[in-house]
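Residue numbers begin at 1 in each chain, while the letters A, B, ... track the order of the sequences. Computed from a predicted structure; not experimentally measured.
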There are 2 protein chains.
Amino acid sequence: MLSIGQLSEATGVKVPTIRYYEQIGLLPEPDRTGGNRRLYGEATRKRLAFVRHARDLGFPLESIRELLRMSDDPERSCVAADDIARRQLRAVKARIARLIALRDELERMLEMCSRGTIAECRVIETLGDHALCAEDHAGGEGEV
Amino acid sequence: MLSIGQLSEATGVKVPTIRYYEQIGLLPEPDRTGGNRRLYGEATRKRLAFVRHARDLGFPLESIRELLRMSDDPERSCVAADDIARRQLRAVKARIARLIALRDELERMLEMCSRGTIAECRVIETLGDHALCAEDHAGGEGEV
DNA sequence: CTACTTCCTCTAGCCACTAGAGGAGCAAGA
DNA sequence: TCTTGCTCCTCTAGTGGCTAGAGGAAGTAG
């Protein structure tokens, strides 16, 4: 049996995050020791590893919740799981396309920088006037 | 002079967002009509267009705040502005690299899916066992 | 004058955590 | 036995960048 700290170590998920997942019902409420500490078994460790991995692949928690529900029911068709993954793939591709447009625009902007004063700064100027852009990168989801 | 709705139209920034920007000090408090409505001039329109454009390029509001401070002082060297843009470019590139790894992993996962039952679902299985992954895509920032 | 639209302020919610307060349990060393 | 230091507990609030909704006032067209 693992303490929350050990589970955190084993899965790479931070302790408060594990408690958060419990709170939102993604992980079951674990047994406790006499001193009220959480105790986890192998099943929860696997479940958390699943969550971690899916998060690393960018799945939102709601999708992960669905996937977990499915994996609890091995008789069902996997078409729904496939659809979730496919949706995620589409989202990832869209983000890549958008980010590549941003990257190109930023590179263009920086190439023109003459490192003079702000008054002649291409970076500031380009940001101030969308019309100076090569491509239309606007109207996205607002990445960082 | 523009009403908040007209400013919103002109810049593509939603009305509540404009008020939000004012609240956090990114836009100055505008003049008001007798009926307490906001009235904007050309200067604020330009400032908001700048913010919008920078947001579209993924700059966080804090960077935008810095850039605006700089653009208010045209005598200064633009090296700092350049640095902010360079930092943003690095961040964008890192995100692209990460997303491409995710995309590949998702594609690999989906290719293997035989559309049978959950019990033999590669999607679920792959998510459950990180060791099945081709590359090491873990340890990122948790995209969506 | 009435109906409709735009605007006002204020509060709360979104996602997926993260940080911090204030306290209790527990193991090792002096 | 006491103390030190670590892990753990619960609870609340904060993050970024908005978005949604309540409840009301102002402006405009017919």
Atom pairs under 3.5 Å, N or O on each side, protein against nucleotides 20-23 of chain D: can you list them with distances?
none

Inset, instruction - Could you state the atom-to-atom distance from CG of D56(B) to P of dG17(D) in whole Å? - result: 13 Å

Inset, instruction - Output yes when at least one side-chain N/O atom of T17(A) is less than 4.0 Å from OP1 or OP2 of dA16(C), else no. - result: no

Legend entry - Partner set under side-chain contact (heavy atoms from CB on, under 4.5 Å) for R37(A), not counting sequence neighbours: T33(A)

Inset, instruction - Sort and list the pairs that fulfil side chain to side chain donor-acceptor pair (under 3.5 Å) and have at least one residue in residues 41-50 of chain A, not counting sequence neighbours. - result: E42(A)-R45(A)

Legend entry - Residue-phosphate contact under 4.0 Å: R32(A) side-chain N/O, dT10(D) OP1/OP2: yes

Legend entry - Protein-nucleotide distance (Q23(A), atom CD; dA16(C), atom P), rounded to Å: 14 Å

Inset, instruction - Would you indicate what I4(A) reaches in the nucleic acid, counting non-hydrogen atoms under 4.0 angstrom: base, sugar-phosphate, or nothing? - result: sugar-phosphate

Inset, instruction - Taking side-chain contact (heavy atoms from CB on, under 4.5 Å) as the test, write out the residues that go with A80(A), two or more places apart. - result: M70(A), R76(A)

For residues 14-32 of chain A, which side-chain N or O atoms pair as donor and acceptor with protein atoms under 3.5 Å away, sequence neighbours left out?
residue	atom	partner	partner atom	Å
E22(A)	OE1	R38(A)	NE	2.8
R32(A)	NH1	N36(A)	O	3.0

Inset, instruction - To the nearest Å, give me how far apart CD1 (I24(B)) and P (dT19(D)) are. - result: 13 Å

Legend entry - Whole-Å distance separating the CG atom of L39(A) from the C1' atom of dC8(D): 12 Å

Legend entry - Length of the line joining Y20(B):OH and dC10(C):C1', which is rounded to integer Å: 16 Å

Inset, instruction - Examine dC7(C): is either OP1 or OP2 under 4.0 Å from a nitrogen or oxygen in the side chain of S3(B)? Give yes or no. - result: yes

Inset, instruction - Would you check, one step at a time, whether the test salt bridge (Lys or Arg N to Asp or Glu O under 4.0 Å) holds for E105(A) with R108(A)? - result: CA-CA 5 Å; E105(A) 188 57 39; R108(A) 221 175 61 89; 3.6 Å; yes

Inset, instruction - State which residues pass side-chain contact (heavy atoms from CB on, under 4.5 Å) with E9(B); sequence neighbours excluded, sorted by chain then number. - result: none

Legend entry - Integer-rounded Å distance: dG17(D) P and R65(B) CZ: 10 Å

Legend entry - Salt-bridge criterion met for D83(B) and R87(B) (N-O under 4.0 Å): no

Inset, instruction - Can you tell me the distance, in whole Å, between the OH atom of Y40(B) and the C1' atom of dC7(C)? - result: 11 Å

Legend entry - For R69(A), salt bridge (charged side-chain N to carboxylate O under 4.0 Å, His left out) partners two or more places apart: none

Inset, instruction - Give a yes/no answer on whether the side chain of R19(B) brings an N or O atom under 4.0 Å of OP1 or OP2 in dC10(C). - result: no

Can you pull every protein N or O that's under 3.5 Å from an N or O on nucleotides 24-30 of chain D?
residue	atom	partner	partner atom	Å
dA26(D)	N3	R37(B)	NH2	3.2
dG27(D)	OP1	G35(B)	N	3.4

Inset, instruction - Report the residues that fulfil side-chain contact (heavy atoms from CB on, under 4.5 Å) with A54(B), sequence neighbours left out, ordered by chain and then residue number. - result: L127(A), F59(B), I64(B)

Inset, instruction - Provide the closest heavy-atom pair for V123(B) versus A81(A) in the form atom of the first, atom of the second, distance. - result: CG1-O, 4.2 Å

Legend entry - Length of the line joining E9(B):CD and dT5(C):P, which is rounded to integer Å: 15 Å

Inset, instruction - Ignoring backbone atoms, test whether R38(B) places a side-chain nitrogen or oxygen under 4.0 Å from the OP1 or OP2 oxygen of dT9(C). - result: yes

Legend entry - Phosphate-side-chain proximity, Y21(A) and dC17(C), N/O vs OP1/OP2 below 4.0 Å: yes

